[in-house]
Amino acid sequence: MFDIVIIGGGAAGLGVAQAIYKRQKGLKIAIVEPAAQHFYQPAWTLVGAGAFDIKQSVKPMVKVMPRFVKWIQSAAAIFHPDQNSITLENKDILQYRTLIVCPGLCLNWSAIEGLEETLGKNGVTSNYRSDLSPYTWQLVQQLKSGVALFTQSAMPIKCAGAPQKAVYLSCSHWEKQHTLSNIKVQFHNAGATLFGVAYFIPILKQYMDRYQVNLNFSSNLIKVDGAKKLATFANTHADGSITSTESAFDMLHIVPPQCAHPFIANSPLANAAGWVDVDPHSLQHIRYANVFSLGDAASSPNAKTAAAIRKQAPVVAINIISYLSGLTSKAIYNGYGGCPLTVENGKIVLAEFAYNGELDPTFKFLAPHIPRRFNWFIKRHLLAIVYWHGLLRGREWLVKTKVE
Ligand SMILES: Cc1cc2nc3c(=O)[nH]c(=O)nc-3n(C[C@H](O)[C@H](O)[C@H](O)COP(=O)(O)OP(=O)(O)OC[C@H]3O[C@@H](n4cnc5c(N)ncnc54)[C@H](O)[C@@H]3O)c2cc1C
């Protein structure tokens, strides 16, 4: 019997464990995490642009797993929230007083016909896999002329800005190499807008125009023929009709469809879309009061980012301790998420916003829509430190949590 069982030792699982320990020592906490390595995923966009060393985006799990938790190296398989227990893949059953569900989300590569056979070769890549982001950079450097396609799958996806970050950084390199005019760049977005927060769209559109990117909305990648270097898109039109188009490519950067893990979607914890069904402000489960969720697995409609987790972790920590102590005080999450939009190599538009697209900048004296070298410095040099030595060590730099 554990006081707290945490499912997933990613950014959310390790961050929330530290946030709890910071506030209350002595609780019996287990983290269920099958993986032997922990990844700092926000670096992969920079790796794909030759601006970050892939080796610095990964650490052995044992090095980041807190000493005060019991690490159970298996995968969670079946939830029994009415019995306060969970069955693991190794068939063990864990009993808990409270549960935090944060195993991230599923990248659904197989939803695109022909993709798995060709991913990592034939010019087909994705910054959404650590082993492939160096291949992105290799392709960007090699391409001197031809067609470069970039895709974005339907929302929700983690780091909704990452698909277009790959576009800007690749174009920025080709611009510097004076090859951009020989490369036809297309961005195919399954969604209908360039970015979810309208305030940032004009500046992003300016960069798309500067790089002469051909923008295609409601255009969803459905098939890849790697050998023939052909991509097929389903295009949804205003009248609801769908047609398909084919495009030849020399380089194809893919952001795969993303969904909730089936072991969550098929459990009593899920909402209709498969995510852990939590109150968006308290991050407490709607039906099971001793269950909480944060990070990419949660149903809260924030941007699925590590930036969001920095603000969510203290909220869940306060609320779970409050629950275990029989108190009613509640910490409130405002939906904060952050997306450093790397519009060119060396400059970033730092998009930070809360629920309903409300702007929520950390540095209130700086206009958020301006691309800045200062923001690049933060992303390139400081945010990895904030991740490894802040979030994963229980240091809540620049995080203020509202408690009611
Ligand atoms: C290319 C890219 C760029 C990004 N850029 C940014 C950015 O600039 N800024 C930003 O803030 N965020 C960014 N993100 C998003 C950010 O990395 C994620 O939102 C964050 O890592 C989510 O944390 P998480 O703990 O919810 O999930 P993860 O970090 O994915 O961790 C989930 C953990 O759960 C484990 N797990 C899976 N299944 C089970 C199971 N059955 N049982 C137990 N454990 C399980 C996994 O092994 C993993 O360790 C980016 C992501 C990508 C891919």
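As a basis for the values below, the full set of heavy atoms in this structure was taken, side chains included, without hydrogen atoms, waters or symmetry mates. All ligand and atom numbering here is 1-based and tracks the order in the structure.
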Can you list, pair by pair, the side-chain donor-acceptor contacts under 3.5 Å of residues 389-404, counting residues two or more places apart and other chains?
from   : atom 1 : to     : atom 2 : distance (Å)
Arg395 : NH1    : His389 : O      : 2.7
Glu396 : OE1    : Arg23  : NH2    : 2.8
Glu396 : OE2    : Arg23  : NH1    : 2.9

Atom pairs and distances, side-chain donor-acceptor, residues 44-56, under 3.5 Å, sequence neighbours left out:
from  : atom 1 : to    : atom 2 : distance (Å)
Trp44 : NE1    : Ser57 : OG     : 3.2
Asp53 : OD1    : Lys55 : N      : 3.0

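Between Ala303, Cys159, Cys339, Ser74, it is Cys159 that holds the heavy atom closest to atom 50 (C) of ligand 1.
For Asp209, the CG atom counts as densely surrounded, since its 6.0 Å shell holds more than 12 non-hydrogen atoms of other residues, nucleotides or ligands. More than 12 heavy atoms of other residues, nucleotides or ligands sit less than 6.0 Å from atom CD of Gln141.
Contact annotation for Lys304 and ligand 1: only backbone heavy atoms (N, CA, C, O) come within less than 4.0 Å of the ligand. Of the heavy atoms in Pro340, only side-chain atoms (C-beta onward) come closer than 4.0 Å to ligand 1. The proximity of Lys165 to ligand 1, defined as any non-hydrogen pair under 4.0 Å, is limited to the side chain. At a heavy-atom cutoff of 4.0 Å, ligand 1 is contacted by the side chain of Phe263 but not by its backbone. Under 4.0 Å from ligand 1, not a single heavy atom of Leu105 appears. The proximity of Lys379 to ligand 1, defined as any non-hydrogen pair under 4.0 Å, is limited to the side chain.
Geometric assessment of Lys25 against the ring of Tyr21 yields a positive cation-pi assignment under the 6.0 Å and 45° thresholds.
In terms of polar-atom proximity, Ala307 is counted as a contact of ligand 1, with an N or O under 3.5 Å from an N or O of the ligand. Of the polar atoms of Glu33, at least one N or O is found under 3.5 Å from an N or O of ligand 1, judged by distance alone.
Neither side chain, Asn216 nor Asn235, offers a donor N or O lying under 3.5 Å from an acceptor on the other.
Ligand 1 places these atoms under 4.0 Å from at least one heavy atom of Gly295: 26 (O). Per-residue contacts place Ala35 under 4.0 angstrom from the following atoms of ligand 1 (heavy atoms of the residue considered): 47 (O). Within ligand 1, the atoms closer than 4.0 Å to a non-hydrogen atom of Ile7 are 42 (N), 43 (C), numbered from 1 in the order shown. Counting the atoms of ligand 1 from 1 in the order shown, those under 4.0 Å from a heavy atom of Pro34 are 43 (C), 44 (N), 45 (C).
The side chain to side chain contact (heavy atoms under 4.5 Å, CB included) test with Val185 is passed by exactly one of Leu215, Asn214, Val167: Val167.
With respect to the salt-bridge test (charged N to carboxylate O, under 4.0 angstrom), the residues Asp277 and Arg287 qualify.
Scanning the protein heavy atoms around atom 17 (O) of ligand 1, the nearest turns out to be Gln41 CB, 3.3 Å.
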